[in-house]
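Okay, structure first, notes after.
Throughout, protein chains are lettered first and strands after them, A, B, ... in sequence-line order, and every chain is numbered starting at 1.
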Amino acid sequence: MTEFTSKLLEIITNIPYGKVTTYGRVAEIAGNPRAARQVSWTLRAYSNKYNLPWHRIINSKGTISLKRGQGFELQKSLLEEEGILVMENGRVDLREYLWNGDSHQKFE
DNA sequence: AACCTGACTTCGG
DNA sequence: TCCGAAGCCAGGT
């Protein structure tokens with residue numbers, strides 16, 4: 001795999017329990033803010049092999065990208081198991097659960 | 001090399 | 001807020 005991909009894996013592994021982040025944010029931290037699509041590709045390719053917390057990654061709109069019947073339900077339940085509130089339409093409140101990659105979270 | 005395809009994003013209307 | 005279009009990245013054909 002490319003160096004960029006291994007960087008993505010490292011970042012994904014660091015997403016804390018109970019938090020979510022976006023494809024674009026992961027790509028940005030890895031150094032290429034425009035490689036969001038590559039993040040989704042990477043998840044599909046390595047989630048099983050490296051046991052990645054893939055469910056903690058959602059899109060920039062704050063919703064689950066997977067379609068119903070194709071992983072949506074699984075991702076929703078995995079997030080809820082971590083105490084994350086997920087609307088029926090797959091929306092998550094990013095203001096509350098977003099992990100920015102920083103050590104300190106924003107304070108309201 | 002060309003073309004298609006996504007678990008994406010941003011921007012306009 | 002909610003689409004649609006256009007831009008983008010890399011792997012598969």
Between [atom2] on [N] and [atom1] on [X], what's the gap in Å once rounded to a whole number?
X	N	atom1	atom2	value
A/I57	B/dG6	CD1	C1'	15 Å
A/E28	B/dT10	CD	P	9 Å
A/W54	B/dA7	CH2	P	12 Å
A/Q75	B/dA7	CD	P	12 Å
A/Q38	B/dA7	CD	P	13 Å
A/R25	B/dC8	CZ	P	18 Å
A/Y23	C/dC8	OH	C1'	16 Å
A/N59	B/dA7	CG	P	12 Å

Inset, instruction - Find out if a path of hydrophobic residues (ILVMFWY) with successive side-chain heavy-atom gaps under 4.5 Å connects A/W54 to A/M1. - result: yes
Legend entry - Sugar-phosphate only, base, or nothing, as touched by A/R34 at under 4.0 Å among non-hydrogen atoms: sugar-phosphate
Inset, instruction - May I ask you to verify if any side-chain N or O of A/S60 is less than 4.0 angstrom from the OP1 or OP2 atom of B/dT10? - result: yes
Inset, instruction - Report yes if some heavy atom in the side chain of A/T5 is under 4.5 Å from a heavy atom in the side chain of A/Q38; otherwise report no. - result: yes
Inset, instruction - State, with a plain yes or no, whether a side-chain heavy atom of A/V92 is found less than 4.5 Å away from one of A/L85. - result: no
Name the closest nucleotide to the [X] side chain, picking from [options].
X	options	value
A/S40	B/dA7, C/dC2, B/dG6	B/dA7
A/T22	C/dG11, B/dT9, B/dA7	B/dT9
A/A36	B/dA7, B/dT9, C/dC9	B/dT9

Inset, instruction - Test A/S65 against every option in A/N59, A/I57, A/I58 by the side chain to side chain contact (heavy atoms under 4.5 Å, CB included) rule and name the one that passes. - result: A/N59
